[in-house]
Amino acid sequence: MTASIIDGKAIAQELRARIKAEVASFRATGRAPGLAVVLVGSDPASAVYVRAKARQTVEAGMLSFEHSLPADVDQEALLRLIGLLNADPAVDGILVQLPLPSHIDATAVLSTVDPTKDVDGFHPVNAGRLATGDPAALEPCTPLGCVHLLKSVEADLSGAHSVVLGRSNIVGKPLAQMLLRENCTVTIAHSRTRDIAQICRTADIVIAATGRAAMVRGDWIKPGALVIDVGINRVATGDKSALVGDVAFEEARERAAAITPVPGGVGPMTIAYLLHNTLKAAGRRSGLPST
Ligand SMILES: NC(=O)c1ccc[n+]([C@@H]2O[C@H](COP(=O)([O-])OP(=O)(O)OC[C@H]3O[C@@H](n4cnc5c(N)ncnc54)[C@H](OP(=O)(O)O)[C@@H]3O)[C@@H](O)[C@H]2O)c1
């Protein structure tokens, strides 16, 4: 079997077009939704992500507010900025680009963002709402994108055994909650899991979010499984470098029914769901029915 490729770029483009149309309707309220992005330091990969987020925010018809702070900014100054953004009526969504420098307590920073403006869905209130099935949650963008990609192939995921590789707060754990909501049977594996290859072979759905290049081999994949590769790993190829996922793509595509590429799979969905969450937050703050 050669897998079909799940085209995250095209699916994200469709989603962004829908969001843009909804933003145009929202603007009839007299204002545009606004997203503030806070970047601390000058990590080149983070700067690229922030620029892409700002560009796509504007393309969707929303306002983008960018705040760049030096790498040595003190935590109090960062918390003060978040306080100002929390209070600013033009700002519907606040995103603090991770990772933060080591002298800053990321948990304290993320917990300071107003949960109603927490478009990354990382605030403990939103994590708790997701875990308890409260629809008021703003939910993390990358897991939302993964579920959307799965449902583009298989509308009903009910009963599927899903193996999530990785248990981070930003991908693995929220994704497991969302897959439970889709009535999947969920196994979460991590660096201490025994017989991980054997567990994967029992999966109808494999989602890899470990940050380990090409860790998931072809013979880990049950024939006909769906494979979502969240990983983004830069590896050296001769005197150049390339981006690869956590799945050995060429091997896995020989067994899977459908698979996401890297790049062009989950990545574009993450930004599209950031726009979705910003519009959702704006709608709620304006008392409109939720999108
Ligand atoms: N496409 C996107 O938009 C997007 C968004 C976010 C992240 N990512 C990418 O997704 C990957 C994961 O991100 P993250 O933030 O979740 O990473 P993270 O916080 O470093 O978590 C990695 C998880 O993988 C587990 N793990 C590491 N090595 C493993 C191994 N050999 N076997 C089994 N499990 C292993 C870790 O287990 P322990 O808990 O036991 O340490 C941990 O739970 C990274 O490549 C990241 O760049 C992509």
Side-chain angles (χ1 to χ4, degrees), residues 5-13 15-16 37 43-53 56 95-100 102 106-107 110 119-122 127 130 139-150 162-179 186-203 206-217 220-221 227-235 241-249 252 259-277:
I5 306 298
I6 305 173
D7 186 348
K9 216 169 149 186
I11 296 169
Q13 199 172 0
L15 178 58
R16 289 202 310 274
V37 180
D43 172 61
S46 294
V48 168
Y49 289 136
V50 164
R51 274 201 301 278
K53 286 167 184 172
Q56 294 188 26
L95 179 149
V96 182
Q97 183 66 40
L98 300 177
L100 288 167
S102 56
T107 305
L110 297 178
V119 283
D120 254 342
F122 295 161
L130 171 62
E139 300 180 351
C141 301
T142 299
L144 281 171
C146 293
V147 173
H148 186 129
L149 292 177
L150 285 170
S162 301
V163 173
V164 178
L165 302 171
R167 57 175 165 179
S168 71
N169 288 336
I170 66 173
V171 187
K173 281 184 205 154
L175 183 53
Q177 301 289 353
M178 291 177 199
L179 291 167
V186 181
T187 300
I188 307 178
H190 46 78
S191 67
R192 309 293 176 88
T193 299
R194 294 194 195 109
D195 299 330
I196 200 163
Q198 198 50 42
I199 291 169
C200 274
R201 287 185 195 110
T202 68
V206 175
I207 306 189
T210 61
R212 300 281 178 267
M215 181 186 115
V216 178
R217 310 308 309 191
W220 294 27
I221 305 297
V227 178
I228 303 289
D229 191 351
V230 183
I232 303 176
N233 308 289
R234 189 162 285 285
V235 295
S241 70
L243 285 186
V244 299
D246 293 348
V247 177
F249 180 81
I259 186 168
T260 56
V262 176
V266 174
M269 297 301 289
T270 298
I271 302 190
Y273 268 100
L274 175 65
L275 305 180
H276 165 93
N277 278 353

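Just so you know, ligand 1 is whichever comes first in the structure, and atom 1 is the first atom listed for that ligand.
Summary of contacts: the protein heavy atom closest to atom 48 (C) of ligand 1 is Val230 O, 3.1 Å. Nearest protein neighbour of atom 46 (C) of ligand 1, counting heavy atoms only, is Ile232 N, 4.2 Å. Closest to atom 25 (C) of ligand 1 among all protein heavy atoms lies Gly166 CA, 4.0 Å. Of the protein's non-hydrogen atoms, the one nearest atom 43 (O) of ligand 1 is Arg167 N, 2.8 Å. For atom 22 (C) of ligand 1, the nearest non-hydrogen atom of the protein is Thr210 O, 3.6 Å. Counting only heavy atoms of the protein, atom 36 (C) of ligand 1 lies nearest to Ser191 N, 4.4 Å. Counting only heavy atoms of the protein, atom 44 (C) of ligand 1 lies nearest to Gly211 CA, 3.6 Å. In this structure, atom 3 (O) of ligand 1 lies nearest to the protein heavy atom Thr270 OG1, 2.7 Å.
Of the N and O atoms on the side chains of Arg201 and Gln198, at least one donor lies less than 3.5 Å from an acceptor on the other residue. A donor and an acceptor atom, one from each side chain of Thr260 and Asp229, are nowhere located under 3.5 Å apart.
Less than 4.0 angstrom separates some heavy atom of Arg212 from each of these atoms of ligand 1: 27 (C), 28 (N). Set against the non-hydrogen atoms of Gly267, the atoms of ligand 1 under 4.0 Å away are 1 (N), 3 (O). Listed by atom number, the atoms of ligand 1 under 4.0 Å from Ile170 heavy atoms are 15 (O). The atoms of ligand 1 that sit less than 4.0 Å from any heavy atom of Met215 are 30 (C), 31 (N), 32 (N), 33 (C). Close contacts between ligand 1 and Ser168 involve ligand atoms 14 (P), 16 (O), 19 (O), 21 (O), 43 (O) [criterion: under 4.0 Å to a heavy atom]. In summary, the atoms of ligand 1 found under 4.0 Å from a heavy atom of Ala209, numbered by their order in the structure, are 12 (C), 22 (C), 23 (C), 24 (O).
Within the 4.0 Å heavy-atom cutoff, Gly172 does not count among the residues contacting ligand 1. For the pair Ala189 and ligand 1, no heavy-atom separation below 4.0 Å is found. Using a non-hydrogen distance threshold of 4.0 Å, Val266 registers as a contact of ligand 1.
Atom-to-atom distance recorded for Ile5:CD1 and Ile259:CD1 is 6.5 Å, nearest 0.5 angstrom. Summarising the geometry, atom SG belonging to Cys146 is positioned 5.0 Å from atom CG belonging to Leu175; distances are rounded to the nearest 0.5 Å. Note that CG of Leu15 is 12.0 Å distant from CD1 of Ile271, once rounded to the nearest 0.5 Å. In this structure, the separation between CG on Asp246 and CG on Leu165 is 8.0 Å, given to the nearest 0.5 Å. The distance from atom OG1 of Thr270 to atom CG of Leu275, rounded to the nearest 0.5 Å, is 11.0 Å.
Between the side chain of Asp120 and the backbone N or O of Phe122, no donor-acceptor pair lies under 3.5 Å. In terms of modelled atom types and a separation under 3.5 Å, the side chain of Arg217 and the main chain of Ala214 share a donor-acceptor contact.
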One pair to check against side-chain contact (heavy atoms from CB on, under 4.5 Å): Ile228 and Val206. What are the steps and the verdict? CA-CA 6 Å; Ile228 303 289; Val206 175; over 6 Å; no
Test side-chain contact (heavy atoms from CB on, under 4.5 Å) on Gln97 and Lys53 and set out the steps. CA-CA 10 Å; Gln97 183 66 40; Lys53 286 167 184 172; 2.8 Å; yes
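At a 4.0 Å heavy-atom cut-off, ligand 1 does not touch Thr193 at all.
Put simply, atom 20 (O) of ligand 1 has no protein non-hydrogen atoms near it, under 4.0 Å away.
In this structure, of Leu165, Val171, Val244, the residue bringing a heavy atom nearest to atom 7 (C) of ligand 1 is Val171.
Around OH of Tyr49, the count of heavy atoms belonging to other residues, nucleotides or ligands within 6.0 Å does not exceed 12.
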